[in-house]
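Below is one structure, written out as structure tokens, with a few remarks after it.
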There are 2 protein chains.
Amino acid sequence: MTDLALPRGATQVGLAVDVAAFAMHASELHVLLVQRGELPHARDWALPGGFVHPGEELHEAALRELRTETSVELEPRHLEQFFTFGEINRDPRGRIVSVAHLAVLPHGTVSVSGGGHTLGAEWMPAHRTPKLAFDHQAILDRALGRLQLRLEYANLALEFLPDTFTLPELQGVYEAILNRKLDKRNFRKRLLAQGSLTPSGERRSGVGRPAQLYRRAKGTRTPAL
Amino acid sequence: MTDLALPRGATQVGLAVDVAAFAMHASELHVLLVQRGELPHARDWALPGGFVHPGEELHEAALRELRTETSVELEPRHLEQFFTFGEINRDPRGRIVSVAHLAVLPHGTVSVSGGGHTLGAEWMPAHRTPKLAFDHQAILDRALGRLQLRLEYANLALEFLPDTFTLPELQGVYEAILNRKLDKRNFRKRLLAQGSLTPSGERRSGVGRPAQLYRRAKGTRTPAL
DNA sequence: CCAAAAGTGTTTAAATTACACCCATGC
DNA sequence: GCATGGGTGTAATTTAAACACTTTTGG
């Protein structure tokens, strides 16, 4: 491999990543937002994101922005690129192309606080967010669409839950993402039939009858796509 | 909107597009390839593509590259971005991020010749291509996957055909893309049931019994996605 | 009348939907 | 013993898959 110069006329653009990071809280799907501390759009809420560093892969940049703009400590259980936003005027600072990523964080990722250049970070209900900076509402909409698609294909719902979980909890994840109610009996039938769950033997007590705990069956990791 | 400077540390990268353009020829799915005339990878076959110009939208760049690198005269009937390839070392000239596009050209787009910096352009069977430059085989593989997905969702198969077409022709498109045979009776049942085809009244004669001609039913344009 | 491709229906299996009551526990 | 949430089965409908022969035309 020879090292060659870029041809003349090759547009140099700012390369950024944005991350729509989802998690479940209180039976509702939440998305992680940060409050911007700088112009443009200072004080507006936005998806975490920023510029890719030299020598950094796209997914590494996505992870870094997630970690530094928020105090999220946990590794995402799923991370995928889903669309690239490149409209000329999407950012007033110049031509900035953003490769948007979808991330799933496990349950328990509750407390976040701002970091880096942000004033703060918060989990907000994904289906009703405040006005967002730039074209981030469009990015979020597309992320939600992709999330719903992935629910059917991959077992992506499992990534929202801890290692062991109950069937009503899993159903709650589906309902929060699809934004509609599902029939309990049909849901259980379908999920158990596909054989990707193993009963752990334990049960979880709370109010009402204790629920059977399940875990992901061996050899059913979410495919890489 | 204030005009602001890019922050320090913002990576500037070369922004490119590549296009996997498909069409049907002789009952086989073909992809449009160009033979490179310059380093790197001179004389290798590659997907048409190149750098985005300043002030040019991503899809405009994709269309321009398609037109200038090949002599394809027709408008694509479908064009969508499907993945962004950004690995650090995918191009020996430096950090070049390519937004890959999938295009569908209508039937009849037969003759192509090289243009611009290419030595030539050719339609090649999509499922068995020569060794390709850069990571273009990976791009093509992903394009084929996306094409198969779209077949189910949207009526993307119709975009491969002229305005009027026969059911056996349409089935041929499905079979070429899915790379397997389909049952004639079930295929017709399914397609006619979904009500997106209207018989034109005409028939097409050739060898054997003449076939009924159909056209796309009104109000069933392929969704924008 | 023969070759070639178009066209047509039925049966079976599988998947999806709708739907209502009993069970186990904590207080 | 009662409130709370967990758990279970069946019938009806829809959808998908398998499968072979007849029809129309040109030569």
Side-chain angles (χ1 to χ4, degrees), chain A residues 24-28 107 148-149 151-155 157-158 160-162 164-215 217, chain B residues 24-28 107 148-149 151-153 155 157-158 161-162 164-215 217:
Chain A
M24 292 294 301
H25 292 146
S27 304
E28 199 173 3
H107 196 79
Q148 292 182 0
L149 272 187
L151 205 52
E152 311 177 21
Y153 271 69
N155 289 340
L158 297 186
F160 282 89
L161 295 172
T164 66
F165 52 86
T166 68
L167 279 180
E169 283 169 352
L170 184 59
Q171 183 173 347
V173 175
Y174 273 77
E175 291 178 338
I177 292 175
L178 296 176
N179 213 11
R180 63 188 170 92
K181 286 282 177 206
L182 299 176
D183 181 274
K184 192 173 22 165
R185 285 163 289 190
N186 294 335
F187 178 79
R188 299 166 87 90
K189 210 185 309 171
R190 204 160 51 81
L191 265 286
L192 293 175
Q194 87 185 37
S196 52
L197 302 183
T198 320
S200 81
E202 315 276 306
R203 351 185 119 255
R204 166 170 307 163
S205 290
V207 186
R209 176 173 173 175
Q212 177 63 251
L213 285 171
Y214 290 83
R215 64 178 76 253
Chain B
M24 293 293 302
H25 292 146
S27 304
E28 198 173 3
H107 197 78
Q148 293 182 358
L149 271 188
L151 205 52
E152 311 178 21
Y153 271 69
N155 289 340
L158 298 186
L161 295 172
T164 66
F165 50 87
T166 68
L167 280 179
E169 284 168 352
L170 185 58
Q171 183 173 347
V173 175
Y174 273 75
E175 291 178 340
I177 293 175
L178 297 175
N179 214 10
R180 63 188 170 92
K181 285 282 178 206
L182 299 175
D183 181 274
K184 190 172 25 164
R185 287 163 288 187
N186 293 335
F187 178 78
R188 299 166 86 91
K189 212 184 310 170
R190 204 160 52 78
L191 265 284
L192 292 175
Q194 87 186 36
S196 53
L197 301 183
T198 319
S200 80
E202 316 274 307
R203 355 187 115 254
R204 166 170 309 161
S205 289
V207 185
R209 176 174 173 174
Q212 177 62 251
L213 284 171
Y214 290 84
R215 62 178 76 253

(message) Nearest whole Å is fine: how far is D/dG7 P from A/Q171 CD?
(response) 11 Å
(message) Between C1' on C/dC23 and CD on A/Q212, what's the gap in Å once rounded to a whole number?
(response) 15 Å
(request) Confirm from the modelled atom types if A/R185 and C/dA20 form a donor-acceptor pair under 3.5 Å, side chain to base only. (result) yes
(message) So A/R188, base contact, sugar-phosphate only, or nothing? Heavy-atom distance under 4.0 Å.
(response) base
(message) Using heavy-atom distances to pick each residue's nearest nucleotide on DNA chain C, tell me which of A/K184 and A/G206 is more 5'.
(response) A/K184
(message) Nearest to the side chain of B/K189, heavy atoms from C-beta on, is which of D/dG6, C/dT8, C/dG9?
(response) C/dG9
(request) Using the side chain to side chain contact (heavy atoms under 4.5 Å, CB included) rule, take A/I177 and A/F160 through it: C-alpha gap first, then chi angles, then the decisive distance, then the call. (result) CA-CA 11 Å; A/I177 292 175; A/F160 282 89; 3.6 Å; yes
(request) Return the value, rounded to whole Å, for the distance between atom CG of A/L167 and atom P of D/dG5. (result) 17 Å
(request) By nearest nucleotide on DNA chain C, pick out whichever of A/N186 and B/V207 is the more 5' one. (result) B/V207
(request) Verify the distance criterion only: is there a donor paired with an acceptor across the side chains of B/E202 and B/S200 at less than 3.5 Å? (result) no
(request) Grab the CZ-P distance between A/R204 and D/dG7 for me, whole Å please. (result) 11 Å
(request) Between B/P210 and A/E169, just flag the one whose closest nucleotide in DNA chain D comes earlier from the 5' side. (result) A/E169
(request) Name the closest nucleotide to the B/R209 side chain, picking from C/dC23, D/dC19, C/dA5. (result) C/dA5
(request) Please name the residue in the list B/K181, B/R180, B/K184 that meets the salt bridge (charged side-chain N to carboxylate O under 4.0 Å, His left out) test with B/E175. (result) B/K181
